Visitor: 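Following this message is one structure expressed as structure tokens.
Numbers restart at 1 for each chain; the letters A, B, ... are given by sequence-line order, proteins then strands. Worth saying up front: this structure is predicted, and the values here are computed from it rather than measured.
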Amino acid sequence: MSIFIDKQTRVLVQGITGKQGSFHTGQMIAYGTKIVGGISPGKGGQTVEGVPVFDTVFEALEKQPVDASILFIPAPYAKDAALEALDAGVKIIVLIPEHIPLHDAMEIMAYARQKEAVIVGPNTFGLVSSGSCKIGIMPNRYFIPGPVGVVSRSGTLCYEIVGHLTDSDIGTTTVVGLGGDRVVGLNFIDVLEKFEEDPATKMIILVGEIGGSSEEEAAQYIANSMTKPVIAYLAGRSAPPGKRMGHAGAIIERGRGTFESKVKALSEAGVKVAELPMEIPLLVKAALAKA
Amino acid sequence: MSIFIDKQTRVLVQGITGKQGSFHTGQMIAYGTKIVGGISPGKGGQTVEGVPVFDTVFEALEKQPVDASILFIPAPYAKDAALEALDAGVKIIVLIPEHIPLHDAMEIMAYARQKEAVIVGPNTFGLVSSGSCKIGIMPNRYFIPGPVGVVSRSGTLCYEIVGHLTDSDIGTTTVVGLGGDRVVGLNFIDVLEKFEEDPATKMIILVGEIGGSSEEEAAQYIANSMTKPVIAYLAGRSAPPGKRMGHAGAIIERGRGTFESKVKALSEAGVKVAELPMEIPLLVKAALAKA
Amino acid sequence: MKLYEYLGKELFYRYDIPVPHRKLIESAEEATEAAAELGNVVIKSQVLTGKRGKAGGIAFAADPGEARKEAERIFKMELNGLKVEKVLVEEKLQIDQELYLALTVDGAARCPVVLVSLDGGMDVEDVAEERMVRWPVNITLGLQDYMVREICRLLGVTGDLKKEFIEFLPKLYRLFRELDAELAEINPLALTPAGLVAADAKVTIDDDALYRHPQLPRIKEKTALELKAEELDLAYVELDGNIAVMANGAGITMATLDMVQHYGGAPANFLDFGGGADVERTSKAIELLLGTSPKVLLINIFGGITRCDVVAEAFVRVRESKGIDLPVSFRLVGTNEAEGRALLGKVGIKAVTSMDDAVRHAVELSVVSK
Amino acid sequence: MKLYEYLGKELFYRYDIPVPHRKLIESAEEATEAAAELGNVVIKSQVLTGKRGKAGGIAFAADPGEARKEAERIFKMELNGLKVEKVLVEEKLQIDQELYLALTVDGAARCPVVLVSLDGGMDVEDVAEERMVRWPVNITLGLQDYMVREICRLLGVTGDLKKEFIEFLPKLYRLFRELDAELAEINPLALTPAGLVAADAKVTIDDDALYRHPQLPRIKEKTALELKAEELDLAYVELDGNIAVMANGAGITMATLDMVQHYGGAPANFLDFGGGADVERTSKAIELLLGTSPKVLLINIFGGITRCDVVAEAFVRVRESKGIDLPVSFRLVGTNEAEGRALLGKVGIKAVTSMDDAVRHAVELSVVSK
């Protein structure tokens with residue numbers, strides 16, 4: 001089982017003819033994702049990795065239904081491409097690019113809310129329902145089916161943690177990257193809700209970091225509404241205040257978004273916060289044994 | 001029975017302290033409308049016709065739920081007031097003012113669509129569910145309960161026609177004024193759909209006029225989806241092209257929106273189009289006899 | 001408010017929309033100099049009516065002498081009853097293709113709509129439906145590049161012309177939105193070797209939003225009476241007949257005219273004096289109608305907000321101060337009807353209660369008084 | 001990009017937001033003339049740090065002589081390690097009340113948010129939660145008047161001050177939106193007899209949107225190394241320790257630093273060289289770290305898009321061209337791991353597979369080499 005996407009999900013790749021777009025199209029197909037088309041204005045009629053290329057999203061939707069779209073589009077043009085997908089009726093949009101202007105991101109989110117669509121990212125590695133559908137840029141081999149749901153603000157750190165699980169023969173249901181920007185679409189709570197409902201997901205790993213308040217909000221949600229065990233890892237304990245740690249959203253401002261505040265909130269919600277990534281497989285095994 | 005509103009409907013009056021606002025508040029209360037509050041920025045704490053006045057719509061909503069709002073606000077400020085009501089969560093908004101800028105009207109409609117709210121007007125006399133709730137400026141005495149639904153683009157002409165019915169002891173379920181502007185919220189089809197569903201409404205009178213294409217669209221809807229009889233009266237047969245006949249929307253432009261085109265469309269849809277308003281009671285009686 | 005072509009082009013220029021080099025002239029003499037500067041020129045009468053070309057209001061000239069001759073001819077013209085007071089002298093464009101482009105309001109969709117066709121230069125009514133792309137614009141988004149790309153795909157436009165469109169359309173949209181336009185039409189939109197150029201400009205500003213645009217000129221295309229009616233905030237349209245009509249409400253006023261025609265009469269005007277007018281304004285409205293020297297005066301009042309006594313009092317006041325020396329057909333029902341009837345009774349006027357009776361009576365009077 | 005107060009006030013002025021009369025000076029001498037012109041003045045150091053007042057970076061002067069003396073003192077200051085290069089001399093406002101106003105981004109609500117408090121002039125962290133009104137703005141609507149009226153109601157503001165707010169707030173919102181601001185803060189917002197005046201200005205522009213604002217100056221508050229990292233498009237932050245760290249991905253880089261600290265080491269920096277860097281950029285990143293003279297180099301690669309062979313090749317290239325004469329702890333797993341290990345093996349480096357091992361090794365090396 002999985003949340004948001006599964007092997008029926010029909011996926012479009014916006015910016016398919018670029019270097020990243022074409023490479024990851026190949027990777028996604030290799031994983032088993034049903035890529036039904038690509039978009040590249042002016043290049044309609046070509047094919048990339050066997051996938052037909054269209055000039056516009058509307059054109060692609062004339063040919064077949066589409067459930068989700070992934071964007072490999074330079075940041076200055078990402079808003080236009082995202083609005084196009086939303087306007088055309090695509091309901092799940094994965095925004096890979098980093099450095100999308102903050103105000104563009106807010107405009108995308110406002111329109112997505114109108115269209116009741118889900119935005120993943122920006123600045124995300126995407127999401128993957130293990131063994132059936134990957135819409136993202138994560139390395140294929142670590143994502144094997146299993147009982148653990150994972151939701152993370154960062155990419156490589158999430159692979160590191162999932163890698164530890166894989167080494168311990170623990171698989172995942174769905175792994176969702178929220179994205180490292182200050183304004184992102186899906187947040188922890190949206191994903192936790194879905195995991196809570198998903199019968200295949202027995203427990204959840206939450207990978208957070210400093211900055212913003214989404215871990216604190218997640219903690220409140222967990223305390224009030226979740227029955228499944230959640231364990232967490234948080235990055236940025238050693239980060240100085242006022243500095244952006246790689247992610248636009250990873251910054252402690254005016255005493256808000258600190259590591260301590262997040263650990264406190266999560267611990268109080270009954271979430272076990274791991275000190276080191278390597279501890280996670282043991283914590284997971286313990287939780288699964290109880291679940 | 002009635003559509004859109006009934007005697008439970010809790011109504012707010014925006015611009016209640018003005019001359020029009022206070023007069024019609026009294027009239028609406030006299031009709032039986034449940035006016036729960038009025039808005040007049042800076043005049044919160046006063047009362048008008050026994051109705052408490054608030055500074056903002058949000059404040060009024062803190063005190064009690066509100067289902068509908070009617071605006072007596074000068075055109076330049078109407079957009080702001082309408083957006084406020086929508087933002088605060090009011091789901092039926094009646095825009096009395098004429099001369100609201102066209103672009104303001106489009107912005108109001110776009111936001112109403114987002115909020116899934118109903119806009120009646122602008123430049124409308126409002127709507128009345130006969131005998132139970134009047135949200136508008138129509139003279140009280142003509143609107144008595146009965147089996148006929150009425151929907152009209154113009155005010156006094158509608159009263160004239162309803163007056164003919166009253167004189168013949170025929171009452172109405174609900175009477176809806178769409179408004180005379182080029183861009184209005186509710187259109188004929190929205191209202192016809194509701195009348196079609198409303199068991200108390202046995203037949204419908206549609207009062208149209210030149211300009212726009214809403215009568216033609218209504219005709220198509222009637223032909224495809226309506227079982228109840230509809231009769232129509234259309235104003236503007238003698239109007240020259242290119243001239244605005246009082247209503248911003250009543251203009252024949254580039255050969256579109258002509259009287260002939262509307263009569264043709266409605267007749268082809270099986271709608272009997274009356275030549276003169278005085279013919280209507282007889283047509284109604286005939287239709288009711290068959291219904 | 002319709003803008004003259006030259007004003008529309010000034011606005012285009014301000015919004016960075018390419019327009020031809022041009023000079024506005026107010027006398028034929030100025031044409032010589034303008035043509036000397038611009039070379040091959042087009043001479044265009046500036047009147048607010050369509051089909052200027054067919055009517056001879058547009059001419060071409062290859063040299064200053066010819067330009068002056070044509071300008072002289074055009075300055076003497078009257079098009080659809082409108083005098084030519086200004087003429088635009090423009091460089092003649094090298095046009096590879098004539099397109100059509102407009103932004104207007106889609107009443108049914110309640111939003112702006114882009115209209116584009118590769119068939120331009122002709123009457124827009126003559127463009128085949130299937131050759132016209134109509135794109136409703138979500139007003140909260142505005143016209144985004146992707147929409148223009150999709151419009152291009154629907155038109156079958158690619159390459160350089162597509163790039164031109166992506167640059168051109170958002171500028172026209174900005175003008176449309178920022179200036180509260182009802183219509184911003186370019187026909188033809190000329191494809192020249194230098195790119196797209198607006199060869200014509202038809203811009204209409206929403207009258208109800210003019211207060212937001214003090215910088216725009218005020219164009220008076222109305223007759224003196226219509227202007228006076230506007231000052232009084234009356235909805236007034238001059239017509240050809242001899243029965244002056246006033247009523248309260250646009251729909252019922254239209255219906256009154258229709259009924260006049262139905263019974264064989266000819267209305268002299270449309271006058272909706274609206275709801276809730278006071279004695280003063282109502283009097284002015286009656287005076288305005290009397291000024292048009294009709295044969296009969298038909299007043300049709302269905303009082304809702306409009307109070308019958310106010311209308312009667314206004315009528316009596318005008319009758320006493322200015323005199324009303326023509327037959328009157330009066331219909332009066334609704335709010336304060338009794339008081340109104342009493343007032344009219346004092347001056348010997350008996351109002352009827354039925355619109356039908358009032359109109360038939362007015363038509364009879366108009367026939368008798370011929 | 002944070003803007004100096006004087007630049008923020010220039011922008012305010014451009015957006016018709018009232019600001020005090022003021023002069024920017026670059027030497028103490030200029031203070032005399034400025035004060036002669038402005039009368040009672042405030043002298044404010046222009047540095048990108050908060051709490052200038054507490055640190056003595058703001059002074060008052062009643063006459064030109066005093067102004068010059070204070071300016072001299074301030075020009076010699078260093079605040080939070082930042083030199084004072086520019087000073088703003090401003091008329092001293094007659095302040096009846098100090099308020100707080102800001103526009104920023106609400107990450108949770110994903111929209112702009114207005115923050116207003118009647119308690120201004122103090123650190124915003126010190127304003128009580130219940131004394132601060134937070135109003136998230138629907139970005140498709142923008143800040144409408146009714147929102148300001150509601151904010152006023154929530155604040156308990158009426159009368160003239162409410163009118164001032166209704167005029168003031170939309171201007172700041174326009175600036176915030178049009179200039180892609182992350183923050184536009186006025187603290188204090190001064191209520192003077194002439195109305196609201198922005199006594200301070202703290203404006204931060206979104207770095208990712210700077211390309212849209214070529215007219216804005218580029219403020220460099222970064223160190224030379226940070227600037228160099230920026231040129232290379234590396235996410236880099238200088239820290240105090242002695243273990244240079246590079247990793248691929250913001251989260252894992254943070255986690256690496258945390259782990260260094262956990263095992264008792266001290267990271268010299270944060271360097272995320274991102275995903276998919278080529279040999280050239282990866283080499284530059286390594287060179288940059290070597291330039292900071294750390295004791296140990298820790299490279300932590302979990303290859304996804306990042307290819308292990310590329311990192312290894314870059315490392316070998318720098319080692320051969322520039323030399324790497326410090327201990328290295330290398331972790332290498334993921335895409336093309338075997339090729340990477342082979343390349344490293346040739347120069348005698350044995351990469352580990354576990355992040356934990358690599359970090360512990362690096363910390364040990366840093367202790368040994370002290």
Side-chain angles (χ1 to χ4, degrees), chain A residues 12-17 37-46 52-63 66 69 71-90 93 95 100-101 103-117 119, chain C residues 16 99 101 103-106 108-118 129-174 176-178 191 195-196:
Chain A
L12 218 55
V13 179
Q14 289 177 260
I16 195 171
T17 54
I39 309 297
S40 187
K43 297 192 178 161
Q46 302 183 5
V53 178
F54 303 99
D55 277 321
T56 70
V57 177
F58 295 92
E59 187 185 12
L61 274 137
E62 282 174 7
K63 310 296 175 192
V66 166
S69 185
L71 270 71
F72 297 97
I73 300 277
Y77 308 104
K79 179 181 104 178
D80 190 63
L83 296 182
E84 179 179 8
L86 288 166
D87 193 359
V90 180
I93 294 169
L95 298 179
I100 292 181
H103 286 246
D104 287 5
M106 292 192 285
E107 291 178 35
I108 294 170
M109 300 314 159
Y111 191 46
R113 185 173 301 187
Q114 279 180 50
K115 304 289 280 187
E116 295 175 10
I119 303 282
Chain C
D16 202 26
L99 318 173
L101 171 61
L103 264 155
T104 182
V105 172
D106 185 331
R110 307 175 186 88
C111 66
V113 61
V114 180
L115 302 173
V116 204
S117 176
L118 299 181
E129 264 303 314
E130 70 277 10
R131 297 277 296 165
M132 179 73 83
V133 170
R134 302 174 57 88
W135 187 270
V137 181
N138 178 331
I139 201 166
T140 59
L141 291 183
L143 186 69
Q144 302 285 332
D145 285 356
Y146 77 82
M147 302 176 187
V148 186
R149 289 199 305 269
E150 178 65 8
I151 289 169
C152 286
R153 184 181 75 86
L154 296 171
L155 288 167
V157 160
T158 56
D160 285 347
L161 182 53
K162 180 171 159 188
K163 276 182 206 143
E164 287 269 322
F165 267 124
I166 289 173
E167 195 169 333
F168 197 101
L169 262 66
K171 292 174 184 172
L172 191 67
Y173 183 81
R174 239 188 85 214
F176 176 80
R177 285 284 289 144
E178 291 184 2
L191 182 57
L196 292 172

Visitor: Please check if the side chain of C/Gln144 supplies one atom and the backbone of A/Leu83 the other of a donor-acceptor pair under 3.5 Å.
Guide: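 Between the backbone of A/Leu83 and the side chain of C/Gln144 there is no qualifying donor-acceptor contact (under 3.5 Å).
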Visitor: If only atom types and distance count, is the side chain of A/Ser40 paired as donor or acceptor with the main-chain N or O of A/Ile16 below 3.5 Å?
Guide: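 Answer holds: no.
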Visitor: May I ask you to list the residues in residues 151-159 of chain C that approach chain A closer than 4.5 angstrom, counting heavy atoms only, ordered by number?
Guide: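 Those residues of residues 151-159 of chain C which have a heavy atom under 4.5 Å from chain A are C/Arg153.
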Visitor: Decide yes or no for C/Tyr146 and A/Thr56: does some side-chain heavy atom of the first lie under 4.5 Å from some side-chain heavy atom of the second?
Guide: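 SC-SC contact between C/Tyr146 and A/Thr56 ruled out.
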Visitor: Counting only non-hydrogen atoms closer than 4.5 Å, does A/Glu107 touch chain C with its backbone (N, CA, C, O), its side chain (CB onward), both, or neither?
Guide: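 For A/Glu107, no heavy atom lies under 4.5 Å from chain C.
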Visitor: Just to be sure I understand the criterion: a residue of residues 160-174 of chain C counts if one of its heavy atoms is under 4.5 Å from a heavy atom of chain A. Which ones qualify?
Guide: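 When heavy atoms of chain A are the reference, residues 160-174 of chain C contributes C/Lys162 within the under-4.5 Å range.
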Visitor: Would you say C/Leu115 and C/Val113 make side-chain contact, with heavy atoms under 4.5 Å?
Guide: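 The answer is yes; the side chains approach within 4.5 Å.
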Visitor: Where does A/Phe58 contact chain C at under 4.5 Å (heavy atoms): side chain, backbone, both or neither?
Guide: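 Looking at A/Phe58, backbone and side chain both touch chain C.
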Visitor: Take A/Asp55 and C/Arg149 through the test side chain to side chain contact (heavy atoms under 4.5 Å, CB included) and record every step on the way to the result.
Guide: CA-CA 8 Å; A/Asp55 277 321; C/Arg149 289 199 305 269; over 6 Å; no
Visitor: Can you tell me if CD on A/Glu62 sees more than 12 non-hydrogen neighbours from other groups inside 6.0 Å?
Guide: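 Counting neighbours around CD of A/Glu62, more than 12 heavy atoms of other residues, nucleotides or ligands fall under 6.0 Å, so yes.
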Visitor: Could you check whether atom CZ of C/Arg177 has more than 12 heavy atoms from other residues, nucleotides or ligands sitting under 6.0 Å from it?
Guide: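 Result for CZ/C/Arg177: enclosed.
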Visitor: With distance as the sole test, does A/Glu84 use its side chain to make a donor-acceptor pair with the main-chain N or O of A/Val57 at under 3.5 Å?
Guide: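 Looks like yes, one N/O pair under 3.5 Å.
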Visitor: Treating A/Asp80 as the side-chain partner and C/Asp145 as the backbone partner, does any N or O pair qualify as donor plus acceptor under 3.5 Å?
Guide: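 Judged by distance alone, yes, a pair lies under 3.5 Å.
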Visitor: Is there a side chain to side chain contact (heavy atoms under 4.5 Å, CB included) between A/His103 and A/Met106? Walk through the geometry before answering.
Guide: CA-CA 5 Å; A/His103 286 246; A/Met106 292 192 285; 3.8 Å; yes
